[in-house]
There are 2 protein chains.
Amino acid sequence: MPRHYEDTETRRRQVAEAALRTIAEDGVARFTSRAVAGRVGISDGTLFRHFGSKEEIVLEAMRLLEQEIEAGMVDSGDPMEDLEQFFHHRAAFVGEEGSVGRLIFSDELIHLAGDEGRQVVEGWRRRSVGFLIDRLQRLHAEGQLRQDLDVPAMSMLVQGALLTFAMQASLGRAGSREDVRRRVVHAWRTLMKVLTP
Amino acid sequence: MPRHYEDTETRRRQVAEAALRTIAEDGVARFTSRAVAGRVGISDGTLFRHFGSKEEIVLEAMRLLEQEIEAGMVDSGDPMEDLEQFFHHRAAFVGEEGSVGRLIFSDELIHLAGDEGRQVVEGWRRRSVGFLIDRLQRLHAEGQLRQDLDVPAMSMLVQGALLTFAMQASLGRAGSREDVRRRVVHAWRTLMKVLTP
DNA sequence: CTCCATAAAGCGAGTGCTTGCTTGCAAGCT
DNA sequence: AGCTTGCAAGCAAGCACTCGCTTTATGGAG
């Protein structure tokens, strides 16, 4: 059988994607270098020709996720629209992509990714919370949100709602894409009812 | 040096507690039979005299948690009081006991606990959600909760708030016991403001 | 167009380490 | 004496990772 050849750049992307799929579908316990290599269709020996360590693979996979995470944080000028955009994007993302929830929740994986991985995840958290607080603050100051609630409390409600989606995806009980989207819309309506005067 | 002898019953309890402490303090990745044995002060060989497998250890540890989980679900006759009790108890529990969050979030651990472990965790979830829905339903019917919100949506808000505590504990950023308790009280006040007319 | 040297990518056996678990025997309790 | 509990060494399996060698792509010289 003839071998199939690809250059390092292509392989690195394929491996990072395969790593995310493996984590999402098989779980962290079965996330081994052999499994990832098998998914790409190369031997585990070849895998380590393109990556120096398993830690590097996790970091590359994180970089793939990072783009998606950043994409959810836009600045349209209207804080309310930003917030809605953020909530929908993030909820759909963590609700559909099972690997995200596992990555964030699994100290196992973060431990695997080393100090650098820990910093990456911590960075995501800080940026996301910062974004949330900022938009809520502005809306609160404009009087568009209930004045008897403080901003951190409202932030907790929004984060909590997002966590329920991550949790469901992590437990594999997310349902179809359409189903997730419907629940996201409903959750957002509920939050609006609850946060606005 | 003289050996210290304990009967199986005592050792099983000690081991289960040590397992929870190990998961909470060292993380799932370092939760090995040797580490647990070392914490108890016995060799890993002795550990397997009292337990048939690591899976059994996890199940025994789960049984320890189960008592605490059940303790949070009382029936005082007043649904609102039940709900408040439940929220405070559960939030303080998952917020202070880091192992709970890790246990619930880690598919690694659940995978380790086998089918029986998966059923145990699924049972917790079902019972907890059932409890929540039941009390909310009754309060909603009595008109004590906002009629423009549906019960599942309110349940999501409560669960979400609880998840934020589990998440913080799992990430090791819980803070002191007093600190957690203060935030729990604040979260409950926020929920009440938001759910009642 | 052919030939061949070189580099890149692939393979799979092998290495050392850790893990869950076993076993042979010693040490204490009853 | 016998039963339980303990230890330390050891085992097979699985892991991340290495290495020697093979196979393919490339590209310039003849």
Side-chain angles (χ1 to χ4, degrees), chain A residues 1-19 22-23 26-62 106-117, chain B residues 1-19 22-23 26-62 106-117:
Chain A
M1 206 173 91
R3 292 181 181 174
H4 190 70
Y5 277 62
E6 295 288 351
D7 57 11
T8 287
E9 196 186 349
T10 307
R11 286 298 192 212
R12 280 184 72 97
R13 189 164 24 81
Q14 289 177 340
V15 167
E17 287 167 0
T22 305
I23 292 169
D26 303 342
V28 181
R30 292 195 227 276
F31 170 56
T32 65
S33 43
R34 271 179 175 76
V36 174
R39 221 176 248 268
V40 176
I42 58 180
S43 79
D44 60 328
T46 303
L47 198 159
F48 284 99
R49 192 173 286 285
H50 304 297
F51 285 89
S53 65
K54 194 180 176 186
E55 176 177 342
E56 250 187 49
I57 297 176
V58 177
L59 288 173
E60 188 76 15
M62 283 180 172
S106 166
D107 61 344
E108 173 100 38
L109 262 182
I110 297 175
H111 174 259
L112 196 74
D115 281 344
E116 199 175 338
Chain B
M1 204 173 88
R3 293 180 179 175
H4 191 69
Y5 279 64
E6 294 289 350
D7 57 12
T8 286
E9 197 185 349
T10 307
R11 285 298 190 211
R12 280 183 71 96
R13 190 166 23 81
Q14 289 178 339
V15 167
E17 286 167 359
T22 306
I23 292 169
D26 302 343
V28 181
R30 292 196 226 275
F31 169 56
T32 66
S33 42
R34 273 175 173 79
V36 174
R39 220 175 249 268
V40 176
I42 58 180
S43 76
D44 61 325
T46 304
L47 196 159
F48 284 100
R49 195 174 285 286
H50 304 296
F51 285 88
S53 65
K54 193 180 176 185
E55 176 177 343
E56 252 188 47
I57 297 175
V58 176
L59 288 173
E60 188 76 15
M62 283 181 173
S106 164
D107 60 345
E108 175 101 1
L109 264 181
I110 296 177
H111 174 260
L112 196 74
D115 283 344
E116 200 174 336

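In what follows, every chain begins at residue 1, and chains take the letters A, B, ... in the order their sequences are listed.
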Inset, instruction - Just call it for B/Ile42: base, sugar-phosphate, or nothing, with non-hydrogen atoms closer than 4.0 Å on any strand. - result: sugar-phosphate
Inset, instruction - Flag the pair A/Val36 / A/Phe31 as yes when at least one side-chain heavy-atom distance between them is below 4.5 Å, and no otherwise. - result: yes
Inset, instruction - From the options B/Thr22, B/Val28, B/Ile23, select the one residue that forms a side chain to side chain contact (heavy atoms under 4.5 Å, CB included) with B/Asp26. - result: B/Thr22
Inset, instruction - Could you encode protein contacts along nucleotides 8-15 of chain D as a string, one character per nucleotide from 5' to 3', using B for base contact, S for sugar-phosphate-only contact and - for no contact, with a heavy-atom cut-off of under 4.0 Å? - result: B-B----S
Legend entry - Nearest-angstrom distance from the residue atom CG of A/Asp7 to C1' of D/dT26: 13 Å
Legend entry - Nearest-Å distance for atom pair CD/P, residues A/Glu9 and C/dA8: 15 Å
Inset, instruction - Would you indicate whether the side-chain heavy atoms of A/Glu60 and A/Val15 approach each other to under 4.5 Å? - result: no
Inset, instruction - Taking only the side-chain nitrogens and oxygens of A/Arg49, find out if one of them lies under 4.0 Å from OP1 or OP2 of D/dC19. - result: no
Legend entry - Whole angstrom value for the distance that separates P of C/dT22 from CD of B/Glu56: 11 Å
Legend entry - B/His50 side-chain N/O to D/dG6 phosphate OP1/OP2 under 4.0 Å: yes
Legend entry - Spacing of A/Glu6 atom CD relative to C/dA7 atom P, expressed in whole Å: 22 Å
Legend entry - Rounded distance (Å) that lies between atom C1' of C/dC21 and atom CG of B/Leu112: 13 Å
Inset, instruction - Output all residues satisfying side chain to side chain donor-acceptor pair (under 3.5 Å) with A/Arg11, sequence neighbours left out; order by chain, then residue number. - result: A/Gln14
Legend entry - Whole-Å gap separating P (D/dA16) and CD (A/Glu108): 11 Å
Legend entry - B/Arg12 CZ - D/dG6 P separation (whole Å): 14 Å
Inset, instruction - Considering just the side-chain nitrogens and oxygens of A/Arg11, establish if one lies under 4.0 Å of OP1 or OP2 belonging to C/dG10. - result: yes
Inset, instruction - For D/dT4, take OP1 and OP2 only and decide whether either is under 4.0 Å from a side-chain N or O of B/Thr8. - result: no
Legend entry - Heavy-atom side-chain contact between A/Leu112 and A/Glu108 under 4.5 Å: no
Inset, instruction - Evaluate whether atom CG of A/Asp7 has more than 12 neighbouring non-hydrogen atoms of other residues, nucleotides or ligands under 6.0 angstrom away. - result: yes
Legend entry - Distance, rounded to the nearest Å, where A/His4 contributes NE2 and C/dC11 contributes C1': 16 Å
Inset, instruction - Mark yes or no for a side-chain to base donor-acceptor pair under 3.5 Å between A/Tyr5 and C/dA8, with no hydrogen or angle criteria applied. - result: no
Inset, instruction - Salt-bridge test for A/Arg12 and A/Glu56: reply yes if a basic N is under 4.0 Å from a carboxylate O, no otherwise. - result: yes
